[in-house]
Amino acid sequence: MNISQSSIQALQQQRLLLQLEYETEKEAYRRQTETVGIGRKVKRGDAWWPLRVGKSYYNSLNQLAVEVFRTTDTDIEHNFEFGRPVAFFTIVSTSASAAVAQPVIRYFRFTGTVSYVDGDRMVITVADNAPLIDLQGAENVGLQLSFDETSYRLMTEALDRAIRGKGRLGYLRDLFNSRQKPETLTFQPMHFPYLNPSQEQAVNEVLRAKDVAVVHGPPGTGKTTTLVEAIRETLMRESQVLVCAQSNMAVDWISEKLVDRGINVLRIGNPTRVNDKMLSFTYERRFEAHPDYPQLWALRKAIRELRSHRRRGDEKYHQRLESLKSRATELEIRINNDLFGEARVIASTLVGSANRLLDGQKFATLFIDEAAQALEAACWIPLRRVSRVVLAGDHCQLPPTVKSIAALKAGLGKTLMERISEMHPEAVTLLRLQYRMNDAIMRFSSDYFYDSHVESAPEVRFRGILDLDTPMEWIDTAEFADKPDSEDNAEKQDSQPLSFREEFVGESYGRINKAEARLTLDVLQHYFERISKQRLLDERIDVGIISPYRAQVQYLRRLLMGREFFKPFRRHISVNTVDGFQGQERDVIVISLVRSNAEGQIGFLRDLRRMNVAITRARMKVIILGDRHTLTRHPFYRQLWQYIQALHSGG
């Protein structure tokens, strides 16, 4: 079998697995829509209800938009962001009699797409003919995330294109699936005084690559700094590059860093954080700010008025309409040419790179940030537009989300970055010097995940908060299991032993360990008391409380809000899942592992990459809470426990 045939077969396999994932997720969405109450969806951040519906208007891109406002549960972190499909619903009663009334969800017969979210205000774009008057006149209106057909369609089309691919696309497809050597240029290495040796090597390898380069950035090693430098140097040789990432947040992050370096970025799509700095480089804002925009807006308004006041037998209607439309199109093309002509970097999500605005556009180089979190199929969406690709990320941190266990086992979770790293180790540069963590925190991660190749920069090696403090602790909850809970005793005046066993709450909602959550806050309070309130506030010491389980995160948030002690520090404490902390760092990280059972079942804690992310968010201190007997049956957690014990004994 030749290289082309085997690479085509590999992509056909991807296509089958993607179809399996699509069906799994669609079925899960259907089941959830039928069985999960709206209250649960609101708590999970997948719905807003009840809503206040605001004004509707045409935005600068000539899309019909409607504003909605969240009126309750404003403390819940939601999952709405630019580009996600949504469905409107209303809850009605089936009977006039309150005694037999059953609330029923009725969906409106149109869907929408999130344009942007700003706090508790969201803007949704809908089809021109959507009956918004029905929505604005209804009571008990809500909004929920809808199943995302578009992303799957775009990924499938991208795989089909790559399977049929000729020319450059076909060449890259065969290269990524074979041992054939990627082509490189030869030149003397360039020197960048503000980069360390491995960062400098990475930038040089990017500039030398004719086909592909991979920048492997473990936690704290300055991957973004390196990538920004590589993009700047590439722009010395090319007029424009395409920069993509899996999530809107990752696109925002790299875009912001590029703008800070004085690079003209055009962001396709809206940012997750709506502020003037972020909005100023979005396509929509730039479009509105163009000197020709007022004229275009007037033409579009005239077109809408002409359509709404059309009279029967008006022979000149079509003629006038066509004339207005052609002038509007001409202006739109002129504005687009200006915006794309000025921009040095076009930035979007991988799926967003299919936007019609990029139709016909070609780029020499594509940069994919956080490439280890993207399904391979998503990477093929922008790959059709380019000659070469640079992937940056870390496949020892968070993987792509795959819902189908069968598809995951068959290899859907294996990313393009992983595949290329295995096939072409010569194309990979590992960043080796980290600037975030105390060395004792980094050492375990470096030894376990990076073959001991990652070192700590001298300035962070011994960073800490308290003198003679051990940078890592593991508090074994089993030691507390037979002790009464002091907080509960104050209320109940009994001394029942406290159970540190996990509980399961609600289908597809997750696990919770209430006693461990209370102990987590007790331990943090004790640590705060050792540091002192004044120092915590003066030095703005920040804390991340992480749990892999969403139910535990929400329970911890509620407990935190109810504890008077933490009131002065709330702005400096964030509680979230591992995924919610990706790319972030804190002075202190506290991890509640939740799992505690006689069988030693640890579920998705077996995905050790999540634990790597959780531990390496910390600059100075990591405190882990978990049942040692349950967790250390797994060799990773046994090794982690032994490592921490050795730290405490000075080993």
Side-chain angles (χ1 to χ4, degrees), residues 195-196 198-199 201-203 205-206 212-231 243-247 249-251 253-254 257 350 366-376 378-379 389-402 413-437 441-457 460 544 546 548 577-586 589 607-619 622 636:
L195 297 181
N196 69 45
S198 63
Q199 291 173 332
Q201 184 195 350
V203 175
E205 293 303 329
V206 166
V212 64
V214 176
V215 179
H216 182 186
T221 54
K223 171 181 65 68
T224 305
T225 304
T226 309
L227 197 57
V228 166
E229 206 47 54
I231 292 168
V243 175
C244 294
Q246 168 66 19
S247 68
M249 203 176 285
V251 179
W253 180 245
I254 188 85
K257 296 296 168 205
L350 292 162
L366 163 67
F367 289 87
I368 303 180
D369 194 13
E370 300 295 3
Q373 278 183 269
L375 289 175
E376 177 172 345
C379 294
V389 61
V390 177
L391 301 112
D394 179 11
H395 41 268
C396 302
Q397 291 188 61
L398 289 183
T401 305
V402 177
K414 186 166 193 173
T415 63
L416 187 61
M417 180 172 161
E418 261 182 289
R419 183 191 308 287
I420 293 168
S421 298
E422 281 175 17
M423 290 285 192
H424 306 292
E426 68 279 8
V428 182
T429 310
L430 177 72
L431 303 180
R432 293 167 180 264
L433 196 63
Q434 70 86 18
Y435 299 89
R436 178 185 299 163
M437 288 156 267
I441 300 171
M442 184 68 227
R443 183 63 32 222
F444 180 79
S445 174
S446 177
D447 291 348
Y448 198 95
F449 293 98
Y450 306 104
D451 295 329
S452 307
H453 288 320
V454 182
E455 298 294 331
S456 302
V460 301
I546 299 179
T577 57
V578 183
D579 301 57
F581 274 103
Q582 171 76 354
Q584 298 184 38
E585 55 186 75
R586 297 288 187 274
I589 288 290
D607 188 343
L608 308 178
R609 293 171 291 189
R610 287 196 135 68
M611 201 60 191
N612 186 32
V613 172
I615 291 169
T616 58
R617 299 310 91 198
R619 297 186 196 105
V622 175
F636 170 85

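From a predicted model like this one, the values you see are computed outputs, not experimental measurements.
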message: I need the Ile441 CD1 to Ser446 OG distance, nearest 0.5 Å.
response: 13.5 Å

Heavy-atom closest pair, residues Tyr450 and Cys396: OH-CB, 3.5 Å

field: Among Thr429, Thr221, Asp394, the one residue meeting side-chain hydrogen bond (donor to acceptor under 3.5 Å, both in side chains) with His216
entry: Asp394

- request: Return the minimal non-hydrogen interatomic distance between Gly413 and Val402, and the atom names on each side.
  value: CA-CG2, 4.1 Å

message: Under the rule for side chain to side chain contact (heavy atoms under 4.5 Å, CB included), what residues qualify as partners of Thr415, not counting sequence neighbours?
response: Pro400, Met417, Glu418

task: Compare all side-chain heavy atoms of Gln199 with those of Glu229 and state whether any distance is below 4.5 angstrom.
output: no

query: How many angstroms lie between atom CD1 of Ile615 and atom CZ of Arg610, to the nearest 0.5 angstrom?
result: 14.0 Å

task: List the steps, then state whether side-chain contact (heavy atoms from CB on, under 4.5 Å) holds for Arg432 with His453.
output: CA-CA 6 Å; Arg432 293 167 180 264; His453 288 320; 3.5 Å; yes

- request: Kindly determine whether His395 and Ser421 satisfy side-chain contact (heavy atoms from CB on, under 4.5 Å), including the steps that lead there.
  value: CA-CA 10 Å; His395 41 268; Ser421 298; 3.7 Å; yes

message: Show, in sequence, the C-alpha distance, side-chain angles and deciding distance for Met249 and Gln582, and conclude whether the side-chain contact (heavy atoms from CB on, under 4.5 Å) test is met.
response: CA-CA 10 Å; Met249 203 176 285; Gln582 171 76 354; over 6 Å; no

- line: Separation between OG (Ser198) and CG (Leu431), nearest 0.5 Å, reads 5.0 Å

field: Heavy-atom side-chain proximity of Leu608 to Tyr448 below 4.5 angstrom
entry: yes

message: As an exercise, state the distance from CZ of Arg586 to CD1 of Ile546, rounded to the nearest 0.5 Å.
response: 8.5 Å

- prompt: Which value, rounded to the nearest 0.5 Å, describes the distance between Thr616 atom OG1 and Phe449 atom CZ?
  reply: 8.5 Å

- request: I would like to know whether Glu205 and Glu426 meet side-chain contact (heavy atoms from CB on, under 4.5 Å); could you show each step before the answer?
  value: CA-CA 10 Å; Glu205 293 303 329; Glu426 68 279 8; over 6 Å; no

- prompt: What are the two closest heavy atoms between Ala371 and Leu391, and how far apart are they?
  reply: CB-CD2, 3.7 Å

Pro219 to Arg617 - nearest heavy-atom pair and separation: CB-NH2, 3.9 Å

message: How about CE on Met423, more than 12 heavy atoms from neighbouring residues, nucleotides or ligands closer than 6.0 Å, or not?
response: yes

query: How close do Val578 and Ala614 get, heavy atom to heavy atom, and via which atoms?
result: CG1-N, 4.2 Å

message: Working to the nearest 0.5 angstrom, can you tell me the gap between Met611 CE and Gln397 CD?
response: 13.5 Å

statement: Paired with Val212, the side-chain contact (heavy atoms from CB on, under 4.5 Å) test is passed by just one of Val428, Ile420, Val390, namely Ile420

- request: For residues Ala374 and Leu350, report the shortest heavy-atom separation together with the two atoms involved.
  value: CB-CD1, 3.5 Å

